[in-house]
Amino acid sequence: MENKLFVHNTLSRKKEEFKPVKPPYVGMYVCGPTVYGDAHLGHARPAVAFDLIYRYLMHLGYKVRYVRNITDVGHLEDDADEGEDKIAKKARIEKLEPMEVVQHYTNRYHQNMDALNVLRPSIEPHASGHIIEQIELVKKIRDKGMAYETNGSLYFDIEKYNQDHRYGILSGRKLEDLMSETRSLEGQDEKKSSFDFAIWKKAQPEHIMRWPSPWSDGFPGWHAECSAMGIKYLGEEFDIHGGGMDLLFPHHEAEIAQSTVAYGKSPVKYWLHNNMVTLEGKKMGKSLGNAIPLYEVFSGEHKLMEKAYSPMTIRFFILMAHYRSTLDFSNEALQAAEKGLKRLMQAMQTLEDLKAGEKSDFNIQELEKNCYEAMNDDFNSPVVISQLFEGVKIINSVHDKKASLTEEDLDLLQKVMRTFTFDILGLQEESKGGQDELIDYLMQTLLDIRQNARKNKDFATSDKIRDELARLNIVIKDSKEGSSWEFGG
RNA sequence: GGUCUCGUGGCCGAGUGGCUAGGCAGAGGUCUGCAAAACCUUGUACGGCGGUUCGAAUCCGCCCGAGACCUCCA
């Protein structure tokens, strides 16, 4: 089967055939979290989206080095906290060492991502561990004359850069437009132009996180880390750079400018951007105050949650939309995802002991083809899912003996369903309720007693068991194979 | 104000110049002591107005509406 993968490149705003710089190797850099708070639904989006991409590239046989950074220095806050590092601010408030805060939220981020079955990247570099590399980058930019120093801070000279390059190539902006909209903000007097950005920033006296440099005790500029670490681990030109659309400008634009000056070329072949999670049509974001932390989704304790939603439900919910579309959150939508996932997983189990027959009533090869075509078309997971549900129908009708599959087709169906559901979409079975041996044993006993009662037509007893358990939110499900139970929704 | 994106059936969400994804909900059915669960079947929607075309929801123009970025943000 030929696998021509097409990806949507933000640079061209078109789908382009994916051709790695140095096959079979693929270098992929994705902007990771700023670890000064808990991950929310919005953070799950790129993590899952690029996990899908990572998994699929590996499935296609590429040797992928996936780098996702941890941002633990350097992001300035606006006006009120002018010049103060987010991490440092949080640290002071909670009376903790900055690196203690970083470690705490990094751990929690990992817990959330593990729950979502997001594979760990190959390398997860910390910005704070690459200050030297960032200083080297700043030096290179300075040596090329593209930076100027003011009071110990260095700024990237956009206007100068734009003489020979195009600042705005990624976001489709024109410098003239940017200039015309310049409404001077306070505290910008160190910069020649408001759109110049800091590549090294002098630390204020109260600033805890600081490092020595040729210019001042301070910290690297907002965009330096990704340029420096991307190049360090993936080279001066690598294949994929990903992140949220909100990072497109100025963050990724600045990265291109920095690397172009420092290394003489644009660093990335394919820029991929995931869209936002929205809530009531509005972007979910920490600074907007409408972000729902993942752990409050998983536990259901957030005020907007009608119930708890499992990590796999969230993962499935995210995959049900294409990564470049906005995804609107609502309880109704999440419950739809929850039920759909349950049906898919149930069918996956049914598939395990399906029996082959004489003839095939379905075209399994076509199903497989459709799945690959969907993934090859810019990772279209919703279409893959629609195909998996076609598979569910096939599985159930074969199971109900309304149709049949030959041995060969059954094997193929199993292979396709497993590959796409588990390996590529990264879905997994979630253990329900009965982790506890004692509970399992008690429940089994109760179910046995009830089964006996039913056999003896003692429906008063059997119904009492069912009703009493229902009060504990335990649902009994009868089927031909026997009864099972689970915690209700 | 500038740049850009989107508007699909009750909800979520793919896609496409003619061959009408999928999930959830709803309806009907099978099963069941009754129920629940499970399974099967079922829905011709594409913001408005013009234009191009044999044919447009899909292309073009205008209008209306929503959103993103332009400041930290996944």
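The shown structure was predicted, so the numbers you read here are calculated from the model rather than taken from an experiment. Quick note: numbers below take in every heavy atom, side chains included, and nothing from hydrogens, waters or symmetry partners. In what follows, every chain begins at residue 1, and chains take the letters A, B, ... in the order their sequences are listed.
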Could you go through A:W222 and A:H251, starting from their C-alpha distance and side-chain angles, then the distance that decides it, and tell me whether this counts as ring-ring contact (aromatic ring centres under 6.0 Å, His included)? CA-CA 8 Å; A:W222 322 337; A:H251 183 57; 9.8 Å; no
Does A:N396 put a side-chain nitrogen or oxygen below 4.0 Å from OP1 or OP2 of B:C40? yes
What string of B, S and - do you get for nucleotides 64-69 of chain B, 5' to 3', if B is base contact, S is sugar-phosphate-only contact and - is no contact with any protein heavy atom under 4.0 Å? ---SSB
Given B:A14, is OP1 or OP2 found less than 4.0 Å from the side-chain N or O atoms of A:S325? yes
Check step by step if salt bridge (charged side-chain N to carboxylate O under 4.0 Å, His left out) holds for A:R120 and A:D114. CA-CA 8 Å; A:R120 298 272 179 112; A:D114 288 349; 2.8 Å; yes
Please answer whether B:G33 and A:F459 are stacked, defined here as ring centres separated by less than 5.5 Å and planes angled under 30°. yes
Quick check on B:U5: is either OP1 or OP2 less than 4.0 Å from any side-chain nitrogen or oxygen of A:N275? no
A:Y309 OH to B:C24 C1', in whole Å, measures 12 Å
C1' gap between B:C19 and B:C72, integer Å: 50 Å
Is atom CD of A:E468 surrounded by more than 12 heavy atoms (other residues, nucleotides or ligands) closer than 6.0 Å? yes
A:R343 side chain N/O closer than 4.0 Å to the phosphate oxygens (OP1, OP2) of B:A38? no
Quick one: does any side-chain atom of A:D72 pair with a main-chain N or O of A:H126 as donor and acceptor, under 3.5 Å? no
Distance-only donor-acceptor test (3.5 Å): side chain A:D478, base B:G33: no
Tell me: CG of A:L327 to C1' of B:U5, nearest whole Å? 16 Å
Which one is paired to B:C11, where only Watson-Crick or G-U wobble pairs with both distances under 3.5 angstrom count? B:G23
Go through the steps to decide whether A:Y161 and A:F156 satisfy the test ring-ring contact (aromatic ring centres under 6.0 Å, His included), and finish with yes or no. CA-CA 8 Å; A:Y161 174 77; A:F156 193 97; 5.5 Å; yes
Would you mind classifying the nucleic acid contact of A:D463 as base, sugar-phosphate or nothing, using non-hydrogen atoms under 4.0 angstrom? base
Value for CD1 (A:I240) from OH (A:Y66), rounded to nearest 0.5 Å, stands at 10.5 Å
Does A:K286 count as lying over the ring of A:Y36, i.e. NZ or CZ under 6.0 Å from the six-ring centre, within 45 degrees of the axis? yes
Heavy atoms under 4.0 Å, any strand shown: does A:L344 hit a base, just sugar-phosphate, or nothing? nothing
Distance between P atoms of B:U32 and B:A21 (Å, rounded): 35 Å
A:K339 vs B:A25: side-chain N/O to OP1/OP2 distance below 4.0 Å: yes
